[in-house]
Structure formats: structure tokens, C-alpha cells
Amino acid sequence: MNAIAPRVLVIDDEVQIRRFLDIGLRAEGYQVFLAGSGKEGLGLAATQSPDVVILDIGLPDMEGHEVLRELRTWSQVPVLMLSVRDAESEKVKALDRGANDYVTKPFGIQELMARLRVLLRTGAKGGEAEASLRYDDGALSIDVARREVFVDGQAVALTRKEFAVLSLLVRHAGRVVGQQQILREVWGPTHAQDTHYLRIVMGKLRQKLGDDSSAPRWLKTEPGVGYRFPAS
């Protein structure tokens, strides 16, 4: 195990599973963070910067697929999905939405550890790209991996949705991102036509960043199409 123990976030509503994984992972030298709901898990993912996430599909407050979709708007951390659902369609669905691996309950701890080691190796390679997602023009500073935003040296507090929209635009800096794409990726496919959600969030983002909507410096509107963030 490396000198710095890998950080594993477990998001599962079953107490027995969390306890089982906590004991097993710590015995292997991992740092472990536990969440019993999707909301709690997203919060820990944002504040603890895990190296890998173990995510159950069936959560009490939101589907694991929804957690994964929101997580993927600002992080490419490797995700291993857990589920009692063994259907091939469920596995395909999880992988198509950004999961890196899928394990069916019940599972053996050694198999899980082997899969985690693979994800950590691939995650280490992708982590360099994730860590490089920064923007700094002297006035506005954004660190996507750390979820930090500063304007003129002052920290800006953004809601989860606001940061998800901003980080999506930063990832596509220099290119126009369509309204429907933003809505699908941040709010989900059923909200692809709810452009008023996006207008509200963009308005709040501009207000917090001090970006004049009549002559925006960072959040530029492409009328009838979408939004564009400047290339660094």
C-alpha cells in the first residue's frame, strides 16, 4: 500500500454493508468515508476528494444512477456500483452513465478488493487530467477538482447546481454548450426542456461572479443555443 492511503467513499443505505466494507477496507489500509444517502455521499465526495467511490444503486433519497450523474458533472473519480439487481440491462445502464465497474450483491471481499485495485490504478492516470481542470485569469479562479471558486481573491460560495453548471462550461471552455445538454447533464434527461431552471442558475452565477449580463466576461450567451466559457 502506498505511504498515503487511498481514500474510499462508500455510499450505501444498508448499515451491515457499510460496516462490512468499513472493516474490510480499513484492514487493507484504506481511508474510509461512509454515507447512508445520496445527498450525504455527494457532500463527502465534494469535501473529502476520494480516490474511488463505491456506490449502491438503491438509496433512500435518490437513485444511485442520479448520484452518479450529478457526480460526473464535476468529477471523474472511479465509481464501482453495487446492486442486488443482476440483470444485464442494469449493468449496461450503470456503465453507460459513467460507472467504471459493477458488482452484484452478495459479493466476496477479495473480489471487491481486486476490482478496487484496478480502479485505483486507472484513476491515478486520469487524476492528472482531473487535477489540471483549472482556470485563472487573475480575476476569476476556478479549481474544478477542489470545487473552489475565487473572484479577486475572495471565495465564492456556490450551490451544487451552480457549481455543476459552471464546471461543465469550464470543461468545454471555448465551445458553445447547448441548453439541452446542460439540462440533461445537470438536472437529468426528464428536464431537457426546462430552460427556466437554467436561466435562474445562470442569473445567480453571474450575480455571484460579478459578471455583467449585458457584457459578460465569462458566462457568454449564444442566443437560442446555449452558453460559452472562454478558453484559458
Side-chain angles (χ1 to χ4, degrees), residues 4-26 30-83 94 97-101 103 116 119-120 123 126-127 130-131 133-134 141-151 154-171 182-188 190-191 197-198 200-201 204-205 208-209:
I4 300 177
R7 303 156 70 87
V8 181
L9 170 60
V10 177
I11 309 174
D12 196 301
D13 64 323
E14 294 185 56
V15 176
Q16 299 91 333
I17 293 291
R18 291 202 304 274
R19 185 180 298 120
F20 170 68
L21 290 175
D22 188 33
I23 294 171
L25 290 166
R26 290 184 187 280
Y30 293 100
Q31 296 183 64
V32 184
F33 303 92
L34 303 173
S37 68
K39 183 178 180 180
E40 183 184 8
L42 286 169
L44 286 173
T47 59
Q48 301 302 325
S49 300
D51 297 299
V52 65
V53 175
I54 299 175
L55 173 62
D56 185 38
I57 287 182
L59 296 169
D61 57 336
M62 55 198 300
E63 275 282 301
H65 293 302
E66 186 180 351
V67 176
L68 177 62
R69 182 174 60 240
E70 187 156 345
L71 182 64
R72 281 290 177 257
T73 64
W74 51 268
S75 175
Q76 293 303 310
V77 61
V79 174
L80 186 153
M81 300 291 282
L82 296 179
S83 179
R97 294 191 175 186
N100 301 86
D101 203 350
V103 174
L116 282 181
L119 292 181
L120 285 167
E130 180 73 12
L133 283 171
R134 298 187 178 95
S141 174
I142 303 170
D143 189 321
V144 173
R146 292 180 177 274
R147 293 178 61 81
E148 293 177 344
V149 178
F150 292 87
V151 173
Q154 299 296 311
V156 178
L158 299 181
T159 65
R160 189 174 292 141
K161 283 287 192 292
E162 289 165 358
F163 187 83
V165 171
L166 181 61
S167 62
L168 180 60
L169 292 174
V170 171
R171 289 178 188 281
I182 299 173
L183 287 163
R184 280 195 303 268
E185 294 196 27
V186 177
W187 279 270
T190 60
H191 295 285
Y197 289 171
L198 183 55
I200 291 171
V201 167
K204 290 182 177 179
L205 268 175
K208 290 182 177 181
L209 299 181

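In this text, all values refer to a predicted model and were calculated from it rather than measured experimentally.
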- request: Output yes when R7 and D51 qualify as a salt bridge under the 4.0 Å nitrogen-oxygen rule, no when they do not.
  value: no
message: Just verifying a value: how many Å separate L205 CG and F163 CZ, rounded to the nearest 0.5 Å?
response: 10.5 Å
message: Using the rule side-chain contact (heavy atoms from CB on, under 4.5 Å), only one of L9, D12, L68 pairs with L55; which is it?
response: L68
- prompt: Among all residues two or more places apart in sequence or in another chain, which pass the side-chain hydrogen bond (donor to acceptor under 3.5 Å, both in side chains) test with K208?
  reply: E162
- request: Kindly determine whether L34 and L21 satisfy side-chain contact (heavy atoms from CB on, under 4.5 Å), including the steps that lead there.
  value: CA-CA 9 Å; L34 303 173; L21 290 175; 5.7 Å; no
query: For R18, what residues pass the side-chain hydrogen bond (donor to acceptor under 3.5 Å, both in side chains) criterion, not counting sequence neighbours?
result: none
Nearest non-hydrogen partners of S37 and I11, listed with the distance: O-CG2, 3.5 Å
task: Would you please name every residue forming a side-chain hydrogen bond (donor to acceptor under 3.5 Å, both in side chains) with D101, sequence neighbours left out?
output: R115
field: For the student: nearest non-hydrogen atoms of F33 and L44, plus distance
entry: CB-CD1, 4.4 Å
task: Could you grab the distance from atom CD1 of I57 to atom CD of E63, nearest 0.5 Å is fine?
output: 7.5 Å
message: If I compare all heavy atoms of P78 with all of L119, which pair ends up nearest, and what's the gap?
response: CG-O, 3.6 Å
message: What verdict does the side-chain contact (heavy atoms from CB on, under 4.5 Å) test give for V10 and L25, after you've listed the backbone C-alpha separation in whole Å, the side-chain angles of each residue and the deciding distance to 0.1 Å?
response: CA-CA 10 Å; V10 177; L25 290 166; 3.9 Å; yes
field: Results of salt bridge (Lys or Arg N to Asp or Glu O under 4.0 Å) for E40 - residues two or more places apart only
entry: none
message: For V79, is there any backbone N or O sitting under 3.5 Å from a side-chain donor or acceptor partner on N100?
response: yes
message: Could you go through Y197 and I182, starting from their C-alpha distance and side-chain angles, then the distance that decides it, and tell me whether this counts as side-chain contact (heavy atoms from CB on, under 4.5 Å)?
response: CA-CA 10 Å; Y197 289 171; I182 299 173; over 6 Å; no
- prompt: How long is the span from the CZ atom in R184 to the CZ atom in R69, to the nearest 0.5 Å?
  reply: 11.5 Å
task: Please check if the side chain of R171 supplies one atom and the backbone of L166 the other of a donor-acceptor pair under 3.5 Å.
output: no
- request: Verify side-chain contact (heavy atoms from CB on, under 4.5 Å) between L42 and M62, making sure each step is shown before the conclusion.
  value: CA-CA 11 Å; L42 286 169; M62 55 198 300; 4.1 Å; yes
statement: Those residues at least two apart in sequence (or on a different chain) that pass side-chain hydrogen bond (donor to acceptor under 3.5 Å, both in side chains) with D22 are R26
message: To the nearest 0.5 Å, what is the distance between NZ on K39 and CZ on R160?
response: 7.0 Å
- request: Measure the shortest side-chain to side-chain distance between K204 and L209 over non-hydrogen atoms and say whether it is less than 4.5 angstrom.
  value: no
task: Identify the heavy atoms of M81 and A99 that sit nearest to each other, and give their distance.
output: CG-CB, 3.4 Å
field: Over all atoms of both residues, closest heavy-atom pair of D13 and G58
entry: OD1-O, 3.2 Å
- prompt: Quick one: salt bridge (Lys or Arg N to Asp or Glu O under 4.0 Å) partners of E14, sequence neighbours excluded?
  reply: K105
